Amino acid sequence: MKLEVERLTAEPTPFSYEEDGGWWTARMPREASLPREVVEPFCVTGVAYRSGGSDDFLLEGTITGAFELECARCLARYRHRLREPFRFVLEPAGLRTPAEPEAAKALAREGMCLADEVELGWYRGSEIQLDSVCLELISLALPVKPLCRDDCAGLCPSCGADRNESPCTCSEAAPNSPFAVLATLRGDRS
Ligand SMILES: [Zn+2]
Ligand SMILES: [Zn+2]
């Protein structure tokens, strides 16, 4: 995912990249508990342009893709689609060195890194690689608690039956449980 910075003007230049699961598994940190089952390639599309005659430039676009994840409530495997918009400003790093060792490495290796905020980054040289920033954006977009659907009924804590498929006989047993209260609240809202 290479972008030639030198060629950018004030006119938005479109870019588009596609990467498959191999790209993800080869680059993600080994120790991280991130999902590995990429079931749709990642597409990174957007535009890049210089802002107001300066050396700063803007990148904006969207990352899409899909993982197979396990639902935190019913434990079913399901296809989780990502659609993550992004927008950040890159300014010349000049003589500055990022305090974060990871960011300093990225700046040296890929010609860009993100600053403390995700919306701002630095670049150095005539071309940049977008791989690391895309990996980071995808990681941040992954849900902490994946759900196969917002109203997934989950498994019965008593008998283990999947309540999405059929209500079990013990489903009314604990009307005072926190889950029952939550279910009521949800019902009220919809
Ligand atoms: Zn579920
Ligand atoms: Zn049950």
Side-chain angles (χ1 to χ4, degrees), residues 1 15-47 59-88 100 102-103 106 110 113-121 129-190:
M1 294 196 207
F15 58 84
S16 178
Y17 308 96
E18 192 176 297
E19 298 289 352
D20 61 14
W23 171 84
W24 172 255
T25 45
R27 283 169 181 79
M28 57 184 272
R30 232 158 270 288
E31 69 277 13
S33 59
L34 292 165
R36 285 165 186 276
E37 296 79 13
V38 177
V39 289
E40 265 172 42
F42 300 105
C43 287
V44 183
T45 54
V47 291
L59 284 176
E60 54 188 48
T62 309
I63 301 182
T64 59
F67 286 94
E68 188 181 283
L69 299 183
E70 185 181 273
C71 176
R73 282 193 202 143
C74 72
L75 309 183
R77 311 286 299 178
Y78 74 102
R79 178 170 293 219
H80 185 94
R81 286 206 162 78
L82 297 178
R83 184 173 184 84
E84 196 60 12
F86 61 86
R87 183 177 193 279
F88 45 84
E100 278 265 317
E102 277 304 309
E110 310 204 8
C113 66
L114 292 181
D116 298 341
E117 313 117 83
V118 164
E119 291 79 21
L120 182 71
Q129 302 277 356
L130 295 174
D131 298 81
S132 287
V133 69
C134 289
L135 289 167
E136 186 166 349
L137 290 167
I138 293 166
S139 307
L140 291 172
L142 283 163
V144 177
K145 190 182 169 192
L147 292 178
C148 63
R149 55 181 213 233
D150 286 344
D151 62 349
C152 171
L155 302 179
C156 170
S158 315
C159 74
D162 186 346
R163 286 166 164 173
N164 295 313
E165 276 161 20
S166 58
C168 57
T169 46
C170 38
S171 59
E172 311 96 48
N176 295 322
S177 79
F179 297 103
V181 174
L182 275 177
T184 314
L185 288 174
R186 257 184 232 115
D188 285 345
R189 234 191 307 160
S190 54

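In this text the structure is predicted, and so the values were computed from the model without any measurement. Whatever order the structure lists them in is the order used to number ligands and atoms, beginning at 1.
- Surrounding CZ of R149 are more than 12 heavy atoms belonging to other residues, nucleotides or ligands, all under 6.0 Å away.
- Between W24 and F42, the two ring planes are tilted [angle within 30° to 60°].
- Rounded to 10°, the angle formed at the Zn ion (ligand 1) by SG of C71 and SG of C148 is 110°.
- Checked against R79 for a side-chain hydrogen bond (donor to acceptor under 3.5 Å, both in side chains), the options E37, E68, E40 give a single hit: E40.
- Of the charged side-chain nitrogens involved, none lies within less than 4.0 Å of a carboxylate oxygen, so that E119 and R87 do not count as a salt-bridged pair.
- One finds an angle of 110° at the Zn ion (ligand 1) between SG on C152 and SG on C74, to the nearest 10 degrees.
- Between the SG atom of C159 and the SG atom of C170, the angle centred on the Zn ion (ligand 2) amounts to 120° when rounded to 10°.
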